[in-house]
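Read the structure below first, then the notes.
Proteins come first, then strands; the chains are lettered A, B, ... in the order of their sequence lines, and each starts at number 1.
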There are 4 protein chains.
Amino acid sequence: MARTDLPDRRANPVRPARLAHEDARAIAAQPSPATGNARSAGSTAVGGRSAGSRRSEAARLAVLNAADDLLVEYGFEGLTIEGIAAAAGVAKQTIYRWWKSKVDILFDNLVLDAGSALGWPEHPSSPADVRAYVHRFATFLGEEPAGRVLQALLGHAQLDPRTAELLHSGFLDELRARDVAHVRSCLGLADDDRAAAVLDAVLAPLYHRALVLRRPLDAAFVDALLDQQLDQQPAR
Amino acid sequence: MARTDLPDRRANPVRPARLAHEDARAIAAQPSPATGNARSAGSTAVGGRSAGSRRSEAARLAVLNAADDLLVEYGFEGLTIEGIAAAAGVAKQTIYRWWKSKVDILFDNLVLDAGSALGWPEHPSSPADVRAYVHRFATFLGEEPAGRVLQALLGHAQLDPRTAELLHSGFLDELRARDVAHVRSCLGLADDDRAAAVLDAVLAPLYHRALVLRRPLDAAFVDALLDQQLDQQPAR
Amino acid sequence: MARTDLPDRRANPVRPARLAHEDARAIAAQPSPATGNARSAGSTAVGGRSAGSRRSEAARLAVLNAADDLLVEYGFEGLTIEGIAAAAGVAKQTIYRWWKSKVDILFDNLVLDAGSALGWPEHPSSPADVRAYVHRFATFLGEEPAGRVLQALLGHAQLDPRTAELLHSGFLDELRARDVAHVRSCLGLADDDRAAAVLDAVLAPLYHRALVLRRPLDAAFVDALLDQQLDQQPAR
Amino acid sequence: MARTDLPDRRANPVRPARLAHEDARAIAAQPSPATGNARSAGSTAVGGRSAGSRRSEAARLAVLNAADDLLVEYGFEGLTIEGIAAAAGVAKQTIYRWWKSKVDILFDNLVLDAGSALGWPEHPSSPADVRAYVHRFATFLGEEPAGRVLQALLGHAQLDPRTAELLHSGFLDELRARDVAHVRSCLGLADDDRAAAVLDAVLAPLYHRALVLRRPLDAAFVDALLDQQLDQQPAR
DNA sequence: CAATAACCGAGACGGTACGTCTTGTCTTGCG
DNA sequence: CGCAAGACAAGACGTACCGTCTCGGTTATTG
């Protein structure tokens with residue numbers, strides 16, 4: 001069950017490519033304007049960078065990991081740029097060179113992790129694939145560390161319009177579009193609106209339970225939810 | 001349509017009392033340990049305050065209003081204690097004397113405003129009362145300034161456990177308990193669990209749409225939601 | 001041999017007064033616009049400060065002393081505001097509240113120390129008083145720690161016009177005016193121009209030797225200089 | 001009136017030679033250890049440098065000029081290596097390769113300019129030559145841009161021992177030795193000590209007036225000074 | 001009808017983190 | 001190899017708020 005579709009929107013464009021066609025499409029589709037990091041995807045392109053001093057991959061990873069660790073340990077408010085720099089063994093300026101804020105760093109982490117945690121099968125086709133995906137989503141949102149990042153960013157998006165914009169146009173919208181398409185094909189629905197309605201009917205209780213009720217998203221709850229919402233779908 | 005049940009948990013205990021038994025019960029039930037504001041609830045109690053000057057009502061209101069205004073103008077992150085103090089014409093220490101943090105101030109504002117905005121009729125009895133309440137809730141959450149406060153606090157609760165604790169045990173839990181009871185009686189449901197399920201089925205999409213999708217909670221959406229969720233209830 | 005005339009231009013106006021008439025005159029004459037510290041000399045004056053929170057004398061002294069120590073230990077370039085704050089056990093903002101720059105701090109130190117080191121007798125009257133003063137000046141400039149401060153500020157005044165302005169209009173001009181007057185009366189000269197010429201003839205070689213030649217200002221050199229410049233004066 | 005004696009201690013050894021014997025002697029005498037720039041003294045040697053690219057003369061001049069311009073425009077404190085590099089269109093590393101600090105760059109500028117501005121006639125012989133030189137010196141110190149560089153370096157030498165060392169052993173000592181010799185021969189003095197005394201008697205007031213009093217070194221002042229100090233010399 | 005005790009404004013204080021700037025070192029690729 | 005370009009670790013800059021702490025001045029009982 002490999003991830004599909006959700007592009008990997010890493011900051012550093014000059015890394016060993018994988019599945020070139022995917023990356024190319026994804027980066028071409030949205031050149032990460034939010035972070036502004038992805039500069040000139042093709043390194044061999046004629047109009048590329050002129051010379052010298054590429055971005056340090058080691059520093060980039062150290063920052064992302066340190067931010068993740070510190071978020072878990074001290075929470076969002078206790079997460080500081082200086083703290084990340086110190087924990088990553090990196091100069092503060094190196095962080096500011098590539099990210100605008102701690103939100104930006106967490107966003108990069110989210111994209112990185114969500115890509116692998118929220119994948120669909122290559123060619124999803126049955127309602128069972130939808131059920132599996134929703135279970136994966138519930139686990140991600142409710143239990144995994146990377147889900148905590150999404151939760152924190154969703155929270156912060158309520159407080160800061162720039163975070164909201166970044167999170168939606170850079171992640172949520174795309175995730176939703178992909179999920180809608182898969183749901184539609186798996187359930188054999190007539191149009192995207194119907195698929196979106198089904199998706200919302202399933203995800204809304206999950207988000208509600210996680211963000212508002214603060215109760216665990218256990219498998220039983222998810223199954224009951226799916227039974228209720230999916231089984232009645234064919235009837236429609 | 002007057003508000004009922006949701007207690008007014010203002011900071012200042014020395015205001016013209018209303019419906020003493022309600023206040024007493026509410027405050028006794030949870031003496032607002034989070035804010036620690038409600039001091040010496042019974043002003044008529046024998047061994048009450050001894051001497052000296054009382055809390056300045058003018059200062060209290062100036063702070064609450066200033067916080068509201070600044071939240072709207074500069075957002076949660078741009079809201080500072082010093083800014084509130086300056087805007088309210090109040091000394092910083094006066095704020096710290098009565099509130100622990102800006103979250104605390106916003107919480108007081110929320111309680112104040114939600115009390116009047118999210119009321120139920122004195123004796124709700126019909127499904128129409130539920131529909132009306134849900135419409136009121138959607139308007140509150142999606143459009144009113146005070147709803148922005150709830151949204152901000154919900155967001156911040158994702159980032160800070162203390163805020164989450166305050167918001168839930170001081171506001172959301174109680175709100176929910178009250179709403180569940182009313183829904184149960186209005187719809188003639190057998191037990192609270194069923195009522196809670198109906199309430200969640202209605203509120204989850206609202207929260208989801210407001211917090212995650214960031215789309216307007218227009219009346220048509222709410223009506224469609226109510227049609228779908230309420231009409232099938234009697235069938236159960 | 002007590003100091004006279006050179007006003008004590010300390011930052012803090014609210015200290016135990018000494019020789020009130022002197023302080024009053026001095027502060028009235030030039031309210032230290034350079035540092036902007038001296039605010040409302042008389043604490044009992046009607047238009048004085050309103051209430052609460054006076055400047056901390058302990059912090060002020062700690063900063064001045066720390067700056068002095070660190071200048072000696074690390075030199076002017078190695079002297080940082082952060083270093084001073086750390087060494088003084090004081091918050092950085094406390095320094096910025098009262099001083100504009102490290103130059104400002106050193107200037108306060110200079111005024112403080114020069115006041116006591118470069119005094120004249122109460123009523124100087126003989127050429128011997130001039131000789132003694134010049135010896136004192138040479139010792140101050142060439143050997144004493146406070147003289148190092150003057151030397152550093154003179155050096156920095158070559159690099160920064162604001163330092164030059166502060167040093168001259170806040171210290172050197174006044175020092176010179178006082179010295180000219182004393183020289184004139186001690187040597188019985190006809191006018192200030194002549195006295196200034198004598199003073200310059202004596203001080204120029206001292207400054208030259210200290211700042212340009214970087215050779216010690218030993219007593220023998222000073223005596224030879226005085227013999228040469230003072231003995232021929234009556235002949236004029 | 002060509003310059004004599006004061007060696008040209010430029011950074012770049014590969015420039016069109018002039019008066020080869022002089023340069024050779026000067027550079028041999030003190031291989032500029034302070035800057036460490038003078039590499040491979042003999043520029044005319046056939047087998048000098050073997051291979052690889054040579055130092056870029058264009059870059060060297062661009063740096064020196066940019067430093068001069070920026071010093072005039074922004075002052076010493078506003079002069080930064082990065083600023084010089086940007087203004088000169090040169091990489092930062094190119095500067096660090098050849099100079100240790102901005103002081104070093106200014107020093108090279110000083111040597112370059114002072115060489116032409118502070119020259120003596122080929123064979124100075126009369127007191128008039130001394131008078132002319134002192135006038136030239138006063139103009140240089142007080143008015144010319146290059147004099148501002150000397151003034152800045154003298155100022156910085158008060159703050160930084162390394163600058164003091166560089167300025168004295170690399171420039172001032174030599175200048176003084178040359179001037180003493182010329183004064184001695186022009187005035188027919190018996191020994192160098194006497195010549196040095198005369199020179200100091202003339203230069204000290206100039207430095208004092210420029211560095212301490214910050215007053216203009218106008219021709220009238222210099223003439224009066226020379227009248228006073230030189231006319232009495234023959235009497236000795 | 002003072003005494004007195006808490007509130008209030010004002011704001012200094014020790015701190016922490018911010019985001020910017022410059023330093024001096026380094027690495028990369030062009031010429 | 002010099003050079004332009006520029007990333008990097010380091011660390012000081014000056015600012016903004018934090019939460020705590022005096023100050024005097026005011027005010028309202030209460031002894």
Side-chain angles (χ1 to χ4, degrees), chain A residues 48-60 77-86 88-98 100-102, chain B residues 49-56 58-60 78-86 88-98 100-102, chain C residues 48-60 77-86 88-98 100-102, chain D residues 49-56 58-59 78-83 85-86 88-98 100-102:
Chain A
R49 303 268 301 285
S50 61
S53 79
R54 294 257 220 316
R55 175 170 188 180
S56 159
E57 179 67 3
R60 192 187 130 261
E77 309 247 85
L79 184 64
T80 68
I81 298 276
E82 295 205 331
I84 296 170
V90 141
K92 213 169 24 157
Q93 186 56 47
T94 296
I95 296 184
Y96 282 108
R97 196 172 0 253
W98 301 107
K100 281 194 201 121
S101 61
K102 63 178 176 178
Chain B
R49 301 272 296 287
S50 59
S53 49
R54 298 264 228 312
R55 174 171 188 182
S56 159
R60 192 189 129 260
L79 185 64
T80 67
I81 298 276
E82 296 206 329
I84 296 170
V90 143
K92 213 164 37 150
Q93 185 55 43
T94 298
I95 295 184
Y96 280 108
R97 200 173 355 250
W98 301 107
K100 276 189 201 141
S101 62
K102 62 178 177 178
Chain C
R49 301 270 299 288
S50 60
S53 78
R54 294 257 222 314
R55 175 169 187 183
S56 158
E57 178 68 3
R60 192 187 128 259
E77 309 245 87
L79 184 64
T80 67
I81 299 275
E82 295 206 330
I84 297 170
V90 142
K92 213 169 24 157
Q93 187 56 45
T94 297
I95 296 184
Y96 282 108
R97 196 172 0 250
W98 300 107
K100 281 194 202 124
S101 62
K102 64 179 178 178
Chain D
R49 304 275 296 285
S50 58
S53 48
R54 297 262 229 310
R55 173 170 189 182
S56 157
L79 185 65
T80 67
I81 298 275
E82 297 206 328
V90 143
K92 214 166 36 152
Q93 185 55 42
T94 299
I95 296 184
Y96 280 108
R97 201 173 352 252
W98 301 107
K100 277 190 202 139
S101 63
K102 64 178 179 178

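- When rounded to the nearest whole Å, the span between CD of A:Glu77 and P of E:dA17 equals 13 Å.
- The shortest distance between the side-chain N/O atoms of B:Arg55 and the OP1/OP2 oxygens of E:dC8 is not below 4.0 Å.
- Taking all atoms of both residues into account, the shortest heavy-atom contact from D:Ile81 to D:Ile95 is O-CD1, 3.9 Å.
- Of the candidates F:dG14, E:dT20, F:dC8, E:dT20 carries the atom nearest the A:Gln93 side chain, counting heavy atoms from C-beta on.
- For A:Thr94, the listed nucleotide lying nearest its side chain is F:dA9; candidates were E:dG14, F:dA9, F:dC18.
- Mapping C:Leu79 and A:Val90 onto DNA chain F by nearest heavy atom places A:Val90 closer to the 5' end of the strand.
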Treat a base pair as Watson-Crick or G-U wobble with both distances under 3.5 Å, then lay out DNA chain E in dot-bracket form, 5' to 3', with | for cross-strand pairs.
|||||||||||||||||||||||||||||||

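- Looking at heavy-atom distances under 4.0 Å, D:Gly83 makes no contact with the nucleic acid at all.
- Here the nucleotide nearest the side chain of B:Arg97, chosen from E:dC8, F:dA7, F:dC17, is E:dC8.
- Listed nucleotides F:dT15, E:dC13, E:dG9 differ in distance to C:Tyr96; the shortest reach to its side chain belongs to F:dT15.
- Across F:dA9, E:dG9, E:dA12, the shortest atom-to-atom separation from the side chain of B:Ala91 is found for E:dG9.
- Atom-to-atom distance recorded for C:Lys92:NZ and C:Thr94:OG1 is 11.5 Å, nearest 0.5 angstrom.
- Between the NZ atom of A:Lys102 and the P atom of E:dC18 there is a distance of 7 Å, given to the nearest Å.
- In this structure, CD1 of B:Ile84 is placed 11 Å from P of F:dG19, rounded to the nearest angstrom.
- In terms of heavy atoms, C:Ala85 sits closest to C:Ala91 at CB-C, 4.3 Å.
- The distance between atom CZ of A:Arg54 and atom C1' of E:dC26, rounded to the nearest whole Å, is 15 Å.
- Taking atom CD1 of A:Ile95 as the reference point, atom P of E:dT20 lies 13 Å away to the nearest angstrom.
- Judged by closest nucleotide on DNA chain E, B:Ala88 is the one of B:Ala88 and B:Glu82 placed further toward the 5' end.
- Listed nucleotides: E:dC7, F:dC13, F:dA7. Nearest to the side chain of C:Ile81: F:dC13.
- For C:Ala59, counting side-chain heavy atoms from C-beta on, the closest listed nucleotide (F:dG24, E:dG14, F:dC8) is E:dG14.
- Listed pair B:Trp98 / E:dC8 meets the phosphate criterion, a side-chain N or O lying under 4.0 Å from OP1 or OP2.
- With C:Glu57 as the fixed residue, the salt bridge (charged side-chain N to carboxylate O under 4.0 Å, His left out) test singles out one of C:Arg54, C:Arg55, C:Arg60: C:Arg60.
- In the set F:dC13, F:dC18, E:dT25, F:dC18 carries the atom at the smallest distance from any side-chain atom of B:Lys92.
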